[in-house]
Undergrad: 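Just dropping this structure here.
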Amino acid sequence: MSKVLVCDPIDQAGIDILSQVAQVDVKIGLTADELVRIVPDYDALMIRSETRVTKEIIEAATQLKIIGRAGVGVDNVDVPAATRKGIVVVNSPEGNTIAAAEHALAMILALSRHIPEANQSVKNQQWNRKQFIGTEVYKKTLGVVGLGKIGSHVATVAKAMGMRLLAYDPFISAERAEQLGCRLVELDLLLRESDYITLHIPKTPETTHLINAEALAKMKPNARIINCARGGIIDENALVEALRQGKIAGAALDVYEKEPLGESELRQFGKEVILTPHLGASTTEAQVNVAVDVAEQIRDVILGLPARSAVNIPGLYPEALEKLRPYLQLAETLGNMVSQLAGGRIDFLNVRMQGDLANNASQPVVIASLKGLLFPALRERVNYVNASIEAKERGIHVVETRDATIRDYSGSLQLLAKGALGEHSVTGALLGDGEIRITSVDEFPINVPPTQNMLFTLHRDMPGIIGRIGSMLGGFNVNIASMQVGRKIVRGDAVMVLTLDDPLPDGILPEILKIPGIRDAYTVTL
């Protein structure tokens, strides 16, 4: 039975999901050395923000398949080390969307109306109303940096409050921004024209200290900045100087360059600065959502299914996966088949997406095809994370093509591979009920569901040849479950596909090749 180690406090709903498929051990507060010592026993690791999964821990993990971070970021996981070892890293990019967006909006309002200071004043038995005269957000300009899930929700609510919206996001179209009521602009313009600026971007080398002294100098003297995204996007030393010199009016921070926040000059400010201890995802609903989301992904990976929010699988983002999930198993199956037909040692693979499938993202399909292609050689060592890396290291040249004009099925996939036994191709499609069908082999039309044991022959289309093969298999006590023949012209070449109840015993294939008219024969085991 699979084993899952939970290292940080996780909502019980997540534990219950994992317990359905695995033994779950909850061990909170492990040191790095303790984790290195016990991680080899586990198939999956579930964490939040407290546990750091370092390269040393990953190297010690001998059977780990997945690391699940119950939250948005994966800053505390060495993702490159996990990727090199073929370990899936997942997060919950949408589980705390509403919680984080609402916290950013709360910070905007609290900063505008001096709510924390006013609250403390009343609790201290004071009544200084004039001291807390605030600012309305109505008709003010809000600059949203990052229009992902969280930024989009902030924009939607802010628009409803009557705010004017600017947005900066190099990965969002102007049309999408307009749908949210935002005017898409360059960052410099957003900094100069916004009364409030809220950050909703990941921390990357490009975004580290994006808001630096130069950026802060471009802002209005009455502008306020809010960061509920990631610490380090704002240069905190530059922010302190900008506040001290009155270059901006205020700041509200939920995240910091170093957490917990230690000695910091940010603490010296009064009502113009609000500091909260990384509360963006700290709602009851969000804790349940992220726990359930990540637990379901760990469960799926344990069961051999793809994770929907893997951060280290290129192109396998949730929206694409939802559309392509049925085709991933088709791609794996075809990859496995064509690898065996081509005799292994593959040096070229053409992934051809046809019909409606041609209008979808190709990367997930290519990755699934490579996973299937490499499975006969690598077995369980290949997965969605390392398939591309393994293929590159083996010198496999991958080409992607599309042809939306082929309409035999709503969507079909053809894989063509060159290997030790030459060039072979397999085409497959999905029926209405999602069942996989092999629709051609080496351009010969067939219609057969893939099964565990299959025999393919290339032969002359001539009387008696099918009967001779059937008699030979019967003589070896091999039962044929089904048989199909595909041909292009009468009495020309043909392909026959036999599905067998049992594996073909050793020694039969050479005998089949001796039958007059048989040009080639291959076995495929799925």
Side-chain angles (χ1 to χ4, degrees), residues 49 72-76 100-101 103-105 107-108 110-112 135 140-148 150-151 154-155 158 164-172 177 182-280:
S49 57
V72 175
V74 287
D75 312 62
N76 52 329
H103 192 62
L105 291 159
M107 295 283 251
I108 292 171
L111 193 60
S112 300
T135 301
K140 298 297 191 304
T141 298
L142 174 65
V144 183
V145 180
L147 273 182
I150 297 172
V154 169
R164 301 186 180 98
L165 300 174
L166 298 178
Y168 168 72
D169 191 324
F171 304 104
I172 293 291
C182 299
R183 180 161 65 99
L184 198 64
V185 297
E186 293 300 316
L187 183 60
D188 275 4
L189 182 61
L190 183 146
L191 292 170
R192 296 180 192 281
E193 295 192 3
S194 298
D195 300 300
Y196 296 84
I197 295 172
T198 180
L199 306 177
H200 301 288
I201 53 179
K203 183 185 177 183
T204 67
E206 292 74 27
T207 63
T208 297
H209 287 186
L210 179 70
I211 306 301
N212 52 23
E214 183 182 355
L216 290 163
K218 296 174 182 177
M219 293 170 59
K220 296 179 180 180
N222 64 342
R224 296 166 173 86
I225 191 162
I226 295 90
N227 186 13
C228 295
R230 279 286 173 264
I233 297 173
I234 297 177
D235 181 340
E236 291 173 10
N237 292 328
L239 177 61
V240 167
E241 286 303 310
L243 289 164
R244 183 180 289 142
Q245 296 174 23
K247 291 183 178 179
I248 64 172
L253 306 181
D254 186 49
V255 291
Y256 311 92
E257 294 192 60
K258 292 183 179 179
E259 296 183 4
L261 183 65
E263 293 297 322
S264 171
E265 293 185 73
L266 288 167
R267 298 177 185 271
Q268 71 183 358
F269 297 98
K271 59 187 179 183
E272 66 268 33
V273 173
I274 296 176
L275 308 174
T276 56
H278 206 144
L279 299 178

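Basis for what follows: all heavy atoms, side chains included, without hydrogens, waters or symmetry-related copies. Because the structure is predicted, anything quoted here is derived from the model rather than measured.
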Undergrad: Quick one: closest heavy-atom pair of Ala104 and Thr198, and the distance?
TA: CB-OG1, 4.1 Å

Undergrad: Hey, could you give me the CG/CD1 distance between Leu243 and Ile225, rounded to the nearest 0.5 Å?
TA: 9.5 Å

Undergrad: Holding to side-chain hydrogen bond (donor to acceptor under 3.5 Å, both in side chains), I want the full list of residues that pass it with Asn222, two or more places apart in sequence or in another chain.
TA: none

Undergrad: Please report the closest heavy-atom contact between Ser194 and Leu166, naming both atoms and the distance.
TA: OG-CD1, 4.0 Å

Undergrad: Of the non-hydrogen atoms in Leu147 and Ala155, which two are nearest, and what is the gap between them?
TA: CD2-CB, 4.3 Å

Undergrad: Is Glu257 close to His209 at the side-chain level, that is, under 4.5 Å between some pair of heavy atoms?
TA: yes

Undergrad: Could you state the interatomic distance from CG (Asp169) to CG (Leu190), rounded to the nearest 0.5 Å?
TA: 11.0 Å

Undergrad: What heavy-atom pair brings Ile233 and Pro202 nearest, and what distance separates the two atoms?
TA: CD1-O, 4.2 Å

Undergrad: Taking 4.0 angstrom as the limit, do Arg230 and Asp75 come out as a salt bridge?
TA: yes

Undergrad: I'd like to know whether CD of Gln245 has more than 12 heavy-atom contacts from other residues, nucleotides or ligands below 6.0 angstrom.
TA: yes

Undergrad: For Asp254, run the side chain to side chain contact (heavy atoms under 4.5 Å, CB included) check against Leu279, Ile226, Leu275, Asn227 and tell me which one passes.
TA: Leu279

Undergrad: Rounded to the nearest 0.5 Å, how far does CD of Glu272 lie from CD1 of Ile248?
TA: 10.0 Å

Undergrad: Report yes if the side chains of Leu253 and Leu239 come closer than 4.5 Å at any heavy-atom pair, otherwise no.
TA: yes

Undergrad: Run His103 and Thr276 through side-chain hydrogen bond (donor to acceptor under 3.5 Å, both in side chains) and show every step you take.
TA: CA-CA 10 Å; His103 192 62; Thr276 56; 3.3 Å; yes

Undergrad: Among pairs that include at least one residue of residues 231-242, which meet salt bridge (charged side-chain N to carboxylate O under 4.0 Å, His left out), considering only residues two or more places apart or in two chains?
TA: Glu241-Arg244

Undergrad: How many angstroms lie between OH in Tyr168 and NE2 in His200, if you round to the nearest 0.5 Å?
TA: 15.5 Å

Undergrad: Could you check Tyr196 against Ser112 for side chain to side chain contact (heavy atoms under 4.5 Å, CB included), going step by step and ending with a plain yes or no?
TA: CA-CA 10 Å; Tyr196 296 84; Ser112 300; 2.6 Å; yes

Undergrad: For Glu214, I'd like to know if atom CD has over 12 heavy atoms of other residues, nucleotides or ligands within 6.0 Å.
TA: no

Undergrad: Can a donor-acceptor pair be found, under 3.5 Å and without considering hydrogens, that links the side chain of Asp195 to the backbone of Thr141?
TA: yes

Undergrad: What I'd like to find out is whether the side chain of Ile197 reaches to under 4.5 Å of the side chain of Ile211, using heavy atoms alone.
TA: no

Undergrad: With respect to Glu193, which candidate in Lys218, Arg183, Met219 satisfies the side chain to side chain contact (heavy atoms under 4.5 Å, CB included) definition?
TA: Arg183

Undergrad: For residues Thr135 and Lys140, determine if any side-chain heavy atom of one lies less than 4.5 Å from a side-chain heavy atom of the other.
TA: yes

Undergrad: Atom SG of Cys228 and atom CG of Leu105: how far apart are they, to the nearest 0.5 Å?
TA: 9.0 Å

Undergrad: With rounding to the nearest 0.5 Å, note down the distance linking CD1 in Ile150 to CD1 in Ile201.
TA: 12.0 Å

